[in-house]
Amino acid sequence: MPSRSKNIAYLGIMLALAMIASYIETLIPVFVAVPGVKLGLANAVVMLLLYRKGWRTAVVISFLRIVLSGFLFSGIVMMVYSFSGAALSIIVMVLLKKSGKFSVVGVSVAGGVMHNAGQILAACFFVENAKMFYYLPVLIVSGILTGAIIGILAGILIKRLSQF
Amino acid sequence: MKSRKIILSLIVAAVVMGIAVIAFWGYEKRESYDVTETAMSTVISYHLFGINKKEAKVKMAAILDWLENEKLSWRKEKTEVANINEQAGNKIKVSPEMYGWLKKVQAVSKDSKGALDITVSPLARLWNIEGERPSVPAVNDIKECLKLVGYERLEFFSNEQIRMEKGTGLDLGAVGKGIACDELTTIMRECNVAGTVSVGGSIAVVGEKPDGSAWKLGIQDPRANTGEAMGVLTMNEGFLSTSGDYEKYFVENGVRYHHILDPHTGKPADSGLTSVTIAAGDGLTSDALSTACFVLGADEGIKLAEKYKAEAIFIDNDRNVYVTNGIRENFKIIKDDYHLEDFK
Amino acid sequence: MQHKNSIIRNDIFLILVLLLLSAAGFTILLFTRHAGKNVEVFVDGQMLYSYSLSDTVNEVINTKWGENHLVIEEGKVFILEADCPDKLCVRQKEIDKNGESIVCLPHKLVVSVTGGEEREIDAITK
């Protein structure tokens, strides 16, 4: 099997999957009525890549996913928010994974919390002032919750899709 | 590490998390979010409750921006009102929302026999009360101006078309704040937010207060500092507007000339009232009625209010206060120099 | 198995630390909201100054459009004088309760009280 073309096909599928995940999320009404609380389904795909293909691939796909779904579904402002959240989240996840001291769920929880923190930073920048920090405590809690759910999901994916 | 310890830690974690979420929930729901800003050339005060209050405020500010810059202002170029003024004399199609607003205002104009008139713009510009150095215009200038004023100079056709006679100018200043209140309540409902929003003193009240009590709304004392109430009205949902002679005025030779012009005389309305407050089912109607009733005076005004099933509070020059039956129980005078009287 | 247990322990430790962080955040929020009685001065939507309501302040606020002389005295805030055409800011009632404001439209100036005592009425007509 020519591994290069297989790799490209694989990444294409992953990108498509990540985008479908972010599209599905736009269909689900925000389940807690706080702005910024999201399940982060696409993060499960990013984690799968992080564990199976290494951090470079994960970063590239995550970036492409944000840009594309930004243009397609969510709009430029949301794109900047996602970008800020994803950047912070992926840096922390890569570091925690490299340390080898945490499970998939632990890494995902940290990623979820950091994603929310990053979005708040972006919001502080765009919306009026630092008062957005009021949301931080509740977004930490929601980040833990959604991070754990996504972590469990990613754990299953990593196990099931190990042959690819 | 034993599994019992793990389970115990998880339970502790869950409990901490639960308490944190409930605490935040309770806190966010009960605390009001209060912001005062300037927009639409007036003062906007948000007083919002509910978990989405901050998000709602951002959306509400955007709506006000849209109303000012694309719809209502006659001072700005490119607004729909500016376009209608430019196209005076031609039959033109307007947006559905503009058509709806104009029709509603026109109805009040008719029912008030022209006491409320949105074509009063040439007259308002002649008096220029909001300008730098207003003065009383010459009688002849007023006469000339009045020829261009008259609500019947604005005609309505099917398919959202209108025609305004040449020389006539549309000015939605008397009802713009009410229109804004109507649009803002839509957003508040969408965001599931309760509270009050004041657009230059026209107030919209939405939803229930978190502590279950009724909303308390102050009625401006017409002869005291801005922000000092002469009475308090408790109400649930609805819209409140006040028109008074105290907001914008100038004094010349000891006479007070205020900004609410009587389209019949071409001069500031002189009906013996200092303020009229109207509570109605929508902001546009309450704004339109408060202006119309102020011009008409208490006797005619009450009939007009009744026709629209609106409640009213009239205050006259001698600080007598007249309140319609529907809100008599909910209104309390808090300043001793005002006294409640029955309608004649 | 020892390794796996230590990983789970680390995970739980991570979650607990995050929860403590959030609990600390909630606590700070609850306390700062009620402790601070501040007077915030905005010009054209930007917060320029913030004072404590208990300060004694006697200061001229310079805006692009003109000047407003702000006074905070014995827990009350008012504008003493201003060079705006309408002088509505000077004719506004003194403020001292949460959410009350003084506005000078021509200068795009908003002075608001945040925190402290709640006001009795929700809104006032004009």
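Just so we're clear, the structure is a prediction, and the values are computed from it rather than from any experiment. Here is the naming used below: chain letters follow the sequence lines, and residue numbers restart at 1 for every chain.
Both the backbone and the side chain of B:Tyr246 come within contact range of chain C, each with at least one heavy atom under 4.5 Å from a heavy atom of that chain. With a 4.5 Å cut-off on non-hydrogen atoms, B:Thr196 touches chain C through its side chain but not through its backbone. For a residue to count as touching a neighbouring chain, one of its non-hydrogen atoms must lie under 4.5 Å from one of that chain's; by this rule B:Lys209 touches chain C with the side chain only. For C:Glu120, the part sitting under 4.5 Å from any heavy atom of chain B is the backbone (N, CA, C, O) and nothing else. Contact of B:Ile219 with chain C is made through backbone and side chain together, with heavy-atom distances under 4.5 Å. Of the atoms belonging to B:Ser41, it is backbone heavy atoms, and not side-chain ones, that fall under 4.5 Å from chain C.
In terms of heavy-atom proximity, B:Gln220 sits nearest to C:Lys126 at CB-CA, 4.3 Å.
Within a 6.0 Å radius of CD in C:Glu74, no more than 12 heavy atoms belonging to other residues, nucleotides or ligands are found. B:Lys332 NZ: 12 or fewer foreign heavy atoms inside a 6.0 Å radius. In B:Glu237, the CD atom is crowded: over 12 heavy atoms of neighbouring residues, nucleotides or ligands sit closer than 6.0 Å.
Rounding to the nearest 0.5 Å gives a distance of 13.5 Å between NZ of C:Lys97 and CG of B:Asp34. Of the inter-residue distances, the one linking C:Gln92 atom CD with B:Asn225 atom CG reads 8.5 Å to the nearest 0.5 angstrom. Of the inter-residue distances, the one linking B:Leu233 atom CG with C:Thr125 atom OG1 reads 9.5 Å to the nearest 0.5 angstrom. We find the OG1-CG distance between B:Thr226 and C:Leu88 to be 5.5 Å, quoted to the nearest 0.5 Å.
Side-chain contact between C:Arg119 and B:His47 is present, with heavy atoms from C-beta onward closer than 4.5 Å. Looking at C:Ile124 and B:Leu217, their side chains never come closer than 4.5 Å, going by heavy atoms from C-beta outward.
A side chain to side chain contact (heavy atoms under 4.5 Å, CB included) with B:Thr36 is found for exactly one of C:Val103, C:Ile102, C:Val111, namely C:Val103.
The pair B:Asp221-C:Lys93 does not meet the salt-bridge criterion, since no charged nitrogen lies less than 4.0 angstrom from a carboxylate oxygen.
In this structure, the side chain of C:Asp122 engages the main chain of B:Lys216 through a donor-acceptor pair within 3.5 Å.
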